[in-house]
S.K.: 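What follows is a single structure, and I will ask about it in a moment.
The analysis underlying the following values was restricted to heavy atoms, covering all of them including side chains, and did not include hydrogens, waters or symmetry mates.
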Amino acid sequence: MNTIVSINGAINGVVWGPPMMILLIGVGILMTVRMKGLQFRKFGFAMKNTLGKIFTKAEAGEGEMTPFQAVSTALAGTVGTGNIAGITAAVTLGGPGALFWLWVTALIGMATKYSEVLLAVKFRERNAVGDWVGGPMYYIKNGMGKKWKWLGIAFSIFAALAALGTGNAIQSGNIVSAIDTVILSFKPDFGSFATVNLVLGLILAVLAAIVLFGGVKRLGAVTEKLVPFMAVVYIVACLVVVIFSSSALPAIFRDIFVGAFSPAGITGGAAGSMIVVLTWGMKRGIFSNEAGLGTAPMAHATTSETVPVKQAVYGIFEVFLDTIIICTLTGLTLLCACYKSGIDLHYGIMGDTSLVAASLGTVFTQKGGALIIAIGLALFAFSTILGWALYGSRCCEFVFGAKAIKPYYIIYVICTVLGATVDLGVVWDIADTLNGLMAIPNLIAVAALSGVVVKETRDFFANRSAEKAGK
């Protein structure tokens, strides 16, 4: 195990070193500049055609999802423990300033994810059973040419492995951890959790299997109901804490902006340096909204929408909801509890959710805070398990064919049980490394195909303007 940790640490140091930061930010800036700040210029259009159409009924054929089901599945994979446990790690280990770099990553990431989704719909194809399939591996093969298929295979291998950890074991582990916290809040002298966690892991595995083996349409039907409910519950709970502690907000925002560039002045050196703060903010932002990773486009590719730009604006909405809204509220809830109620944030445990529960407990009582986190995290994490199962299976299908999907799902549900019963410290570290490795082929493809994104976007809005002028 020590050897694995050492090897992963060495690879992680390279993968998440300055070159990766430059690549991630560089591609986001490239797309922002080439599209003239589309995520800002067309933000109103994006919200009107995403958030504004949540209650619009749509139909999808066999092997398809409606546009909202597709984005719900993408959000199911995106909104997970990264929004709670990941942000806790960012704030406790990077200080308040980490939130600033989280926002920067999100604003630039909107352009990246918009581009990924557009390319996924543009270069998708039907598989052997008639389902729409797409994502980085397909826009690499169909957009860059078959001679680049090896790059798509590399992405698929990294993503299929990352799904087992990032999208599965970590999620189930945090569900049982949150439930354990609830049990302790009601019964402090509770003994071993080994049996409880095993039972919870088995229940999660069975529920996941029921949905996954039901196909794409069942997955979409579940996520379109689960995602809005879980987001509203968590957002309202955090807003209550923030409003309750609103008098501390001026000091909090001061420390966020000052701490982003001068962390020692806020933390007394606890955050180490600006590089540490920047890295934690960016890594947790990417882990949370997945802009640049190439995962969400695999869900968006299943849409019944035929116009790439119309589905691509959901990418802007996705990053906005995930990071600017949910992640920010998690960070502010933690900081409000620290500034107003004296909750100690000067330590961080990867994957820990007890601090958020304690922060919510400053308003809702200790038991109430633990219960809210348990419910929110269970919904967040279970939806992520479903979303990433789709990603992993699509990647296996690309490399090995449709025959690999069911065996992959079997391995996947087994990992759900393992995640609920083993220590996840090493899994978090390996997941970070795999996220970086899978991002590299995807970002290369987005940069190489940036001209396609620009042309599709320009043509769509030019036609839209012409239609308006003709009325």
S.K.: Tell me yes or no: between the side chains of T295 and W388, is some donor less than 3.5 Å from an acceptor?
M.R.: no
S.K.: Taking N83 as the fixed residue, which of T88, T328, T330, D322 is the one that meets the side chain to side chain donor-acceptor pair (under 3.5 Å) rule?
M.R.: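 Exactly one pass, corresponding to D322.
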S.K.: Among V133, L212, I405, which residue satisfies the side-chain contact (heavy atoms from CB on, under 4.5 Å) criterion with S393?
M.R.: I405
S.K.: May I ask you to test the M137-I153 pair for a side-chain heavy-atom distance under 4.5 Å?
M.R.: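 Heavy-atom side-chain distance check fails, nothing below 4.5 Å.
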S.K.: Under a 4.0 Å N-O cut-off, is there an ion pair linking R394 with E397?
M.R.: yes
S.K.: Is the NZ or CZ atom of K113 positioned over F317's six-membered ring, under 6.0 angstrom from the centre and within 45° of the axis?
M.R.: no
S.K.: Can you find a heavy atom in the side chain of K141 that is under 4.5 Å from one in the side chain of W148?
M.R.: no
S.K.: State which residue, out of I375, L379, V356, fulfils the side-chain contact (heavy atoms from CB on, under 4.5 Å) condition with Y234.
M.R.: V356
S.K.: Cut-off 3.5 Å, side chains only: do T457 and Y114 have a donor facing an acceptor?
M.R.: yes
S.K.: Under a 4.5 Å cut-off applied to non-hydrogen side-chain atoms, are N142 and E125 in contact?
M.R.: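 They are in side-chain contact.
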S.K.: Hey, does I108 have a side-chain heavy atom less than 4.5 Å from the side chain of I25?
M.R.: yes
S.K.: Do E116 and L119 come close enough that some side-chain heavy atom pair is under 4.5 Å?
M.R.: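 In short, these two side chains do not touch, never coming nearer than 4.5 Å.
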S.K.: Taking all non-hydrogen atoms of both residues into account, name the closest pair between A381 and I175 and its distance.
M.R.: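 Of all heavy-atom pairs spanning A381 and I175, the closest is CB-CG1, 3.4 Å.
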S.K.: To the nearest 0.5 Å, what is the distance between CG (L200) and CG (D180)?
M.R.: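 It is 7.0 Å, given to the nearest 0.5 Å.
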S.K.: Can you classify the ring geometry of H300 versus Y314 as parallel (below 30°), tilted (30 to 60°) or perpendicular (above 60°)?
M.R.: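 Judged by the thresholds at 30° and 60°, the geometry between H300 and Y314 is tilted.
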S.K.: How many angstroms lie between atom CG of L334 and atom CD1 of I87, to the nearest 0.5 angstrom?
M.R.: 9.0 Å
S.K.: What closest approach, in Å, do G294 and N442 show between heavy atoms, and which atom pair accounts for it?
M.R.: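 That closest heavy-atom pairing would be N-ND2, 3.4 Å.
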S.K.: Between I179 and I183, is there a side-chain heavy-atom distance shorter than 4.5 Å?
M.R.: yes
S.K.: Do F382 and L204 come within less than 4.5 Å of each other through their side chains, counting heavy atoms only?
M.R.: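 The answer is yes, as the side chains (C-beta and beyond) meet within the 4.5 Å cut-off.
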S.K.: For I385 and L207: C-alpha separation, side-chain torsions, deciding distance, then whether side-chain contact (heavy atoms from CB on, under 4.5 Å) applies.
M.R.: CA-CA 10 Å; I385 289 171; L207 291 175; over 6 Å; no
S.K.: Check whether more than 12 heavy atoms from other residues, nucleotides or ligands sit under 6.0 Å from atom CZ of F213, and answer yes or no.
M.R.: yes
S.K.: Within a strict 4.5 Å, meaning less than it, do heavy atoms of the M298 and L390 side chains meet?
M.R.: no
S.K.: Which heavy atom in L198 sits nearest to a heavy atom in T421, and how many Å separate them?
M.R.: CA-CG2, 3.7 Å
